[in-house]
Amino acid sequence: MLVFGGTGDLALHKLLPALYHLHRDGRLPADMNILALARKPISVEDYRKLAERHCRAHVPRASFDAETWRAFSARLDYFPMDASQSADYSRLARHLGSHCQRGRIYYLATAPSLFEDIAAYLSIAGLADANTRIVLEKPIGHSLESAQAINQSIGKVFQETQVFRIDHYLGKETVQNLMALRFANALFEPIWRAGHIDHVQISVCETLGVENRGSYYDQAGAMRDMLQNHLLQLLCLVAMEAPVRFDAEAVRNEKVKILEALKPIAGLDVRDKTVRGQYTAGRIGGQEVPAYYFEKNVDNDSDTETFVALQAEVDNWRWAGVPFFLRTGKRMAKKSSEIVIQFKPVPHRLFHEGQANRLLIRLQPQESISLQLMAKSPGRGMHLEPVELDLNLAQAFRQRRRWEAYERLLLDVIEGDSTLFMRRDEVEAAWRWVDPIISGWHAFYQRPRPYPAGSSGPEQAHSLLEQQGKAWLE
Ligand SMILES: NC(=O)C1=CN([C@@H]2O[C@H](COP(=O)(O)OP(=O)(O)OC[C@H]3O[C@@H](n4cnc5c(N)ncnc54)[C@H](OP(=O)(O)O)[C@@H]3O)[C@@H](O)[C@H]2O)C=CC1
Ligand SMILES: O=C1O[C@H](COP(=O)(O)O)[C@@H](O)[C@H](O)[C@H]1O
């Protein structure tokens with residue numbers, strides 16, 4: 001496996017710890033090596049030290065031991081090169097020599113602006129044959145046009161079956177459990193539709209700011225960084241029809257139908273159905289944090305959004321008229337990723353207290369699925385309270401280690417299973433829906449609304465639901 005961008009945040013914080021765990025569990029092929037590539041001129045020994053420091057910090061203490069590390073680090077190699085220079089690929093080819101007869105995986109953990117060069121130069125150097133796979137990190141491009149250009153360049157070198165477009169939310173255990181819940185239990189199917197569902201909320205709130213990724217994030221913003229990919233993928237899994245088989249083509253066919261059924265948000269709807277925000281200074285967990293525009297490598301007049309909320313609608317038979325409220329933001333009060341399926345209220349109210357009637361799927365920080373129902377509270381009188389029928393996944397499967405999303409997805413790449421990866425048309429359909437919203441923001445000069453770090457986002461994100469008699473489930 002060749003990791004372009006091997007010294008970056010993603011490689012050091014997510015990929016190497018995931019590969020370490022897979023190695024420790026005996027899941028990596030015995031002869032598999034990992035070659036990290038970046039421009040920094042460091043030795044293999046120094047790279048191994050760098051990798052060790054980050055793995056120690058990101059692997060739970062109980063799973064890290066010196067002997068396993070020694071064996072794992074023997075798989076690690078480092079090769080300094082500039083991925084935008086064709087000549088460096090001849091050096092790379094010589095470095096690889098006759099190794100990798102069993103196949104190669106190219107993991108592109110770099111900015112998407114390098115994807116086209118990397119694919120083209122691998123091909124020129126004779127390094128892209130039928131025995132290779134390529135993994136592309138999100139976001140694929142910056143817009144529909146740039147995504148199409150990337151996909152086209154990649155497509156000239158690799159067949160679609162060799163391309164793995166990763167979205168790590170699809171590797172999260174609870175996200176896959178959502179499919180199990182929907183398609184392995186008959187209970188929900190009859191009520192999983194407009195007649196019974198009032199609305200859906202998909203909320204991914206982070207306490208983190210932009211960390212060391214200011215220069216990337218200031219060009220991207222929450223819409224391109226999170227909503228175009230992770231949140232729309234979650235929406236697809238909630239809304240899609242049952243695939244005929246659990247395989248890559250069948251699952252992705254159903255997801256793409258949902259993306260194509262999303263009602264366009266353009267013109268005045270951009271003003272009325274979307275809210276963008278940007279954090280100002282505030283406090284999180286008792287600590288002062290600076291405003292976004294004071295973060296490292298961020299323009300101090302930046303109008304990039306660090307928060308977005310919007311109302312989407314899936315224009316098809318099953319979902320017509322059901323609002324899907326999507327929200328994501330950085331520097332929010334607490335980290336939580338949740339999907340809420342709010343069922344309609346009873347048609348005739350017998351009791352004073354109402355509401356609950358919801359399915360709550362928690363992705364983070366704890367994974368759980370719970371059905372919130374109204375029940376009588378003990379004692380005299382008929383007083384109702386919401387109670388939870390709780391499927392605590394960590395508790396239910398407590399003997400088994402919980403896999404991180406990247407572990408599962410990396411193993412899928414190694415084994416060639418692309419069910420949990422995005423197909424070209426999916427990525428392009430997502431951009432086709434997102435692009436007019438971003439253009440609308442610029443056309444209406446819709447600057448992000450300020451919200452203090454440590455809050456639940458700008459006021460307008462609450463009004464979006466309140467004006468329809470609903471509220472975010474905090
Ligand atoms: N960080 C994260 O948690 C996530 C990141 N992603 C995506 O992954 C990608 C990488 O992100 P991230 O790791 O955060 O970015 P970083 O900026 O931390 O890392 C970029 C890496 O690319 C290398 N690089 C840059 N230019 C070149 C070049 N010309 N030739 C060779 N190597 C180069 C850098 O090393 P050097 O400068 O030494 O060359 C570095 O190793 C992005 O597309 C991002 O959107 C997706 C999901 C999560
Ligand atoms: O892809 C990304 O995801 C992370 C959030 O991932 P999570 O698994 O911690 O929820 C986000 O911080 C980052 O900005 C984005 O690029």
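One-based numbering, in listed order, for ligands and for the atoms of each.
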Could you tell me how the ring of [X] sits relative to the ring of [Y]: parallel (under 30°), tilted (30 to 60°) or perpendicular (over 60°)?
X: Tyr279; Y: Tyr292; result: perpendicular
X: His168; Y: Tyr406; result: parallel
X: His58; Y: His13; result: parallel
X: Phe325; Y: Trp472; result: perpendicular

If you define the side chain from C-beta out and look only at heavy atoms, does anything of Arg165 sit under 4.5 Å from Asn151? yes
Can you find a pair of side-chain heavy atoms, one from Lys255 and one from Leu237, that are under 4.5 Å apart?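 Yes - at least one pair of side-chain heavy atoms lies under 4.5 Å apart.
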Which is closest to [atom] in terms of heavy atoms, [options]?
atom: atom 45 (O) of ligand 1; options: Lys138, Lys14, Glu137; answer: Lys138
atom: atom 26 (N) of ligand 1; options: Arg39, Glu211, Met226; answer: Arg39
atom: atom 8 (O) of ligand 2; options: Lys172, Lys330, Glu404; answer: Lys172
atom: atom 3 (O) of ligand 1; options: Ile140, Asp9, Asn229; answer: Asp9
atom: atom 13 (C) of ligand 2; options: His230, Glu206, Arg213; answer: Arg213
atom: atom 9 (C) of ligand 1; options: Val3, Thr110, Ile166, Leu108; answer: Thr110

Which one holds for Leu114 and ligand 1: side chain close, backbone close, both close, or neither close, with close meaning a heavy atom under 4.0 Å? side chain
Contact region, Met81 to ligand 1, non-hydrogen atoms below 4.0 Å, reads backbone
Going by heavy atoms, is Tyr216 under 4.0 Å from ligand 1? yes
Taking the non-hydrogen atoms of Phe115, is any one of them nearer than 4.0 angstrom to ligand 1? no
For atom CD of Glu474, decide whether the heavy atoms of other residues, nucleotides or ligands shown that lie under 6.0 angstrom number more than 12.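 Yes, enclosed.
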Could you identify the single nearest non-hydrogen protein atom to [atom] and state the distance to 0.1 Å?
atom: atom 10 (C) of ligand 1; answer: Ala109 O, 3.4 Å
atom: atom 9 (O) of ligand 2; answer: Lys335 NZ, 3.2 Å
atom: atom 12 (P) of ligand 1; answer: Leu10 N, 3.9 Å
atom: atom 5 (C) of ligand 1; answer: Arg213 NH2, 3.6 Å
atom: atom 19 (O) of ligand 1; answer: Gly8 CA, 3.3 Å
atom: atom 6 (O) of ligand 2; answer: His168 NE2, 3.2 Å
atom: atom 22 (O) of ligand 1; answer: Gly5 CA, 3.4 Å

Identify, by atom number and element, the atoms of ligand 2 in contact range of Met226, meaning under 4.0 Å from any of its heavy atoms.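 Near Met226, the atoms of ligand 2 are 2 (C), 3 (O), 11 (C), 15 (C).
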Atoms in ligand 2 with a heavy atom of Lys138 nearer than 4.0 Å: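 By the 4.0 Å cutoff, the relevant atoms are 1 (O), 2 (C), 15 (C), 16 (O).
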Do any N/O atoms on [X] end up under 3.5 angstrom from N/O atoms on ligand 1?
X: Asp82; answer: yes
X: Ala38; answer: no
X: Ala111; answer: no
X: Thr7; answer: yes

Looking at [Y] and [X], is there a salt bridge between them, counting it only when a charged N and a carboxylate O are closer than 4.0 Å?
X: Arg362; Y: Glu388; value: yes
X: Glu254; Y: Lys257; value: yes
X: Lys49; Y: Glu45; value: no
X: Arg423; Y: Asp425; value: yes

If the contact criterion is a heavy-atom separation under 4.0 Å, does Tyr169 count as touching ligand 2?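 Tyr169: in contact with ligand 2 (<4.0 Å).
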Heavy-atom gap Asp225 to ligand 2 smaller than 4.0 Å: yes
Under 4.0 Å from a heavy atom of [X]: which atoms of ligand 1 are those, numbered in the order shown and with their elements?
X: Lys40; result: 38 (O)
X: Pro139; result: 45 (O)
X: Tyr406; result: 47 (C)
X: Pro112; result: 43 (O)
X: Ala83; result: 28 (C), 29 (N), 30 (N), 31 (C)

Indicate whether the side chain of [X] and that of [Y] have a donor and an acceptor atom separated by less than 3.5 Å.
X: Tyr169; Y: Asn229; value: no
X: Ser146; Y: Trp431; value: no
X: Thr306; Y: Tyr217; value: no

Say whether, by atom type as modelled, one donor and one acceptor occur between the side chain of [X] and the main chain of [Y] under 3.5 angstrom.
X: Ser123; Y: Ala119; value: no
X: Ser418; Y: Phe421; value: no
X: Arg358; Y: Ile341; value: no

Checking Phe115 against Ile134 for the side-chain contact (heavy atoms from CB on, under 4.5 Å) test, could you report, in this order, the C-alpha distance in whole Å, the side-chain angles of both residues, the deciding distance, and whether it holds? CA-CA 10 Å; Phe115 291 180; Ile134 186 161; over 6 Å; no
Would you mind telling me if ligand 2 is within reach of the side chain of Glu211, the backbone, both or neither, using heavy atoms under 4.0 Å?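 No part of Glu211 is near ligand 2 at this cut-off.
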Would you verify that at least one protein heavy atom lies under 4.0 Å from atom 15 (O) of ligand 1, or report that none does? no
